[in-house]
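First up is the structure itself, then whatever we jot down about it.
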Number of protein chains: 2
Amino acid sequence: MFDVFKSYLSSKIAITDEEFELIKSLGILKKLRKRQYLLQAGDSWKYDAFVCKGCLRTYRVDDKGQEHILGFSIENWWTGDRESLLSGTPAQSNIDALEDSVVLLFTHENFLHICHEIPAFNELINGILARSFVALQNRIHASISYTAEEKYQNFLKTSPQLANRVPQSMIASYLGISAETLSRIRHQSLKK
Amino acid sequence: MFDVFKSYLSSKIAITDEEFELIKSLGILKKLRKRQYLLQAGDSWKYDAFVCKGCLRTYRVDDKGQEHILGFSIENWWTGDRESLLSGTPAQSNIDALEDSVVLLFTHENFLHICHEIPAFNELINGILARSFVALQNRIHASISYTAEEKYQNFLKTSPQLANRVPQSMIASYLGISAETLSRIRHQSLKK
DNA sequence: AAACATCCTTGACATTTATCAAGTGTTTTT
DNA sequence: AAAAACACTTGATAAATGTCAAGGATGTTT
């Protein structure tokens, strides 16, 4: 599974074999079965995690017991709880596997070490963070501006890889609408 | 106005006089009168901007002509359109001044130069980006999970500096609810 | 194969929130 | 000082969306 990460890196930056050996020596592969937690709310999160295979979700549970999905992570994406990582506080979010999955974990200390040793890697990570920021901002825009139907259409446009991979009810949760409303929207859209 | 930026920096990182002279030589002070645009949708954005004084808003206008506020920026915050900056595309957002304001502009080229010359500055900026990311994620959580009233209460908690500074109708826009609904929520909350 | 769980759909109804319109006090402009 | 623009409120009504409940289809476990 390290090779997944290697081809990911090679496609983004120039990296020598020695550099990759360093990275490899600091990474921990972890297999997750469907439904297994990678992180449970209340625990603290200490890693940077790369998804080699599968699909995970990050979600929070409110007072009434309802789940709200903050995001999905599939192959070649990063996941984790940045808030817990940065501030050392217990995580508010849960992360679990929607499919059997494999993630590559780096303790944040090791991760920073890699960033320091391999400037191109550092650049890559900063670029990802900056683009994720833009994506979140666009998601906020959608969230405060769009109707339920527009939110769904926008989701299909921005996340086509997910549309047929995660349950519809989770897409609804991700969009902040009820599963029933999404079902009706899809039904109506067919007629057009 | 450069002194505002200097005390900001000094409060966050150790910085020498020479380093600050470099920064000063690359920054451009710009005064904005109330209502004046810093950026208009369609133009491209080339800067990193620090707010020395005043208050700005970032917003988008939808097909129906409605404004949706993505964020506010007051003294000691950064502003700009990262999407346009990173991708070179025309900005989707407008930024204008809600009060007479002063911003300090750095072309992105100069900004990167400063980051390169002053590692502590670079660290500072990366930390801000990471924390902004967390803040956006929490805002998305609020947006998909909370009722209109909870959104407002959460706003009061997370942004007390803004609550009495920007018009109520703009807070409503920022939260993705109508101005009338916010007015009613405030009225009801008083009774409790 | 039976029992069970999951996922999605559909209908009836309730609730939240938006929209439209009018009115009031306040600030800004002329 | 008058006129205009702005900010907020309030009521009446409409529209969007949520909730509850039932049922069907599919896949999984026993």
Side-chain angles (χ1 to χ4, degrees), chain A residues 33-36 55 57 59 61-69 72 96-100 141-156 162-192, chain B residues 32-36 54-55 57 59 61-69 72 96-101 142-156 162-192:
Chain A
R33 284 191 301 186
K34 187 173 173 174
R35 297 176 163 275
Q36 188 179 344
C55 180
R57 90 227 241 232
Y59 67 99
V61 182
D62 69 20
D63 314 328
K64 294 156 213 139
Q66 257 201 297
E67 294 177 356
H68 302 280
I69 297 182
F72 301 100
D96 66 9
L98 300 181
E99 308 169 359
D100 292 345
H141 176 241
S143 183
I144 66 176
S145 312
Y146 292 173
T147 62
E149 172 157 18
E150 289 167 337
K151 284 175 192 172
Y152 180 61
Q153 295 301 340
N154 182 58
F155 174 80
L156 291 181
L162 293 171
N164 290 307
R165 187 160 175 183
V166 305
Q168 203 172 294
S169 57
M170 293 194 186
I171 296 176
S173 169
Y174 174 83
L175 296 176
I177 64 183
S178 72
E180 293 92 336
T181 294
L182 179 55
S183 174
R184 283 184 252 261
I185 282 168
R186 280 168 47 98
H187 187 76
Q188 285 169 6
S189 306
L190 286 182
K191 284 195 291 190
K192 291 176 193 170
Chain B
L32 295 166
R33 285 190 301 184
K34 188 173 173 173
R35 295 174 167 277
Q36 188 179 341
C55 180
R57 89 227 240 235
Y59 67 99
V61 182
D62 68 21
D63 314 328
K64 294 155 213 140
Q66 256 200 299
E67 294 177 356
H68 301 281
I69 296 183
F72 300 102
D96 67 7
L98 299 181
E99 308 168 2
D100 292 346
S101 303
S143 184
I144 66 176
S145 312
Y146 292 171
T147 63
E149 170 158 18
E150 289 167 337
K151 284 176 192 172
Y152 180 60
Q153 296 301 340
N154 182 58
F155 174 79
L156 291 181
L162 292 172
N164 290 307
R165 188 161 174 182
V166 306
Q168 203 172 297
S169 58
M170 291 192 185
I171 296 176
S173 169
Y174 174 82
L175 296 175
I177 63 183
S178 74
E180 292 93 333
T181 293
L182 179 54
S183 174
R184 284 185 252 260
I185 282 168
R186 280 168 48 96
H187 187 76
Q188 285 169 3
S189 305
L190 287 182
K191 285 196 289 187
K192 293 177 189 169

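Residue numbers begin at 1 in each chain, while the letters A, B, ... track the order of the sequences.
Taking 4.0 angstrom as the limit, A:H187 places a side-chain polar atom (N or O) nearer than this to OP1 or OP2 of C:dT10. A sub-4.0 Å separation between OP1 or OP2 of D:dT17 and a side-chain N or O of A:T181 is absent. Between B:Q168 and D:dT9 there is a side-chain polar atom (N or O) within less than 4.0 angstrom of OP1 or OP2.
Side-chain atoms of A:S169 do not come within 3.5 Å of backbone N or O of A:A179 as any donor-acceptor pair. At distances below 3.5 Å, at least one donor-acceptor pair connects side-chain atoms of A:S173 with backbone N or O atoms of A:E67.
Rounded to whole angstrom, the span from the CD1 atom of B:I185 across to the C1' atom of D:dT10 amounts to 15 Å. Counting to the nearest Å, the P atom of C:dT10 and the CD atom of A:Q188 are 11 Å from each other. Atom CG of B:L182 is separated from atom P of D:dA7 by 14 Å (rounded to the nearest Å). Distance B:Y146 OH to D:dG18 P: 18 Å, rounded to the nearest Å. In this structure, A:K64 atom NZ and C:dT15 atom C1' are separated by 13 Å, rounded to whole Å. Taking atom CD of residue B:E99 and atom P of nucleotide C:dT28, one finds them 12 Å apart after rounding to whole Å. Whole-Å rounding puts the B:K34 NZ to D:dA7 C1' distance at 11 Å. The distance from atom CD1 of A:I177 to atom C1' of C:dT9 is 15 Å, rounded to the nearest whole Å.
Judged by distance alone with a 3.5 Å cut-off, no donor-acceptor contact links the side chain of B:E180 to the base of D:dC8.
In this structure, of C:dA18, D:dC6, C:dT10, it is D:dC6 that holds the atom nearest to the side chain of B:R35. Closest to the side chain of B:R184, from the set D:dG18, C:dT10, D:dA12, is D:dA12. Of all nucleotides listed (D:dC6, C:dT9, C:dT10), C:dT9 comes nearest to the side chain of A:R186. Comparing C:dC7, D:dT10, D:dT19 against the side chain of A:S178 picks out D:dT19 as the nearest.
At the heavy-atom level, B:S169 lies under 4.0 Å from the strands shown only through sugar-phosphate atoms.
Within the model, atoms OG of B:S183 and CD1 of B:I177 stand 10.5 Å from one another, a figure rounded to the nearest 0.5 Å.
Ring-plane geometry between B:Y174 and B:F72 is classed as tilted, the angle between the planes lying from 30 to 60 degrees on a 0 to 90 degree scale.
Under 4.0 Å is where a charged nitrogen must lie from a carboxylate oxygen, and between A:R35 and A:D96 no such pair does.
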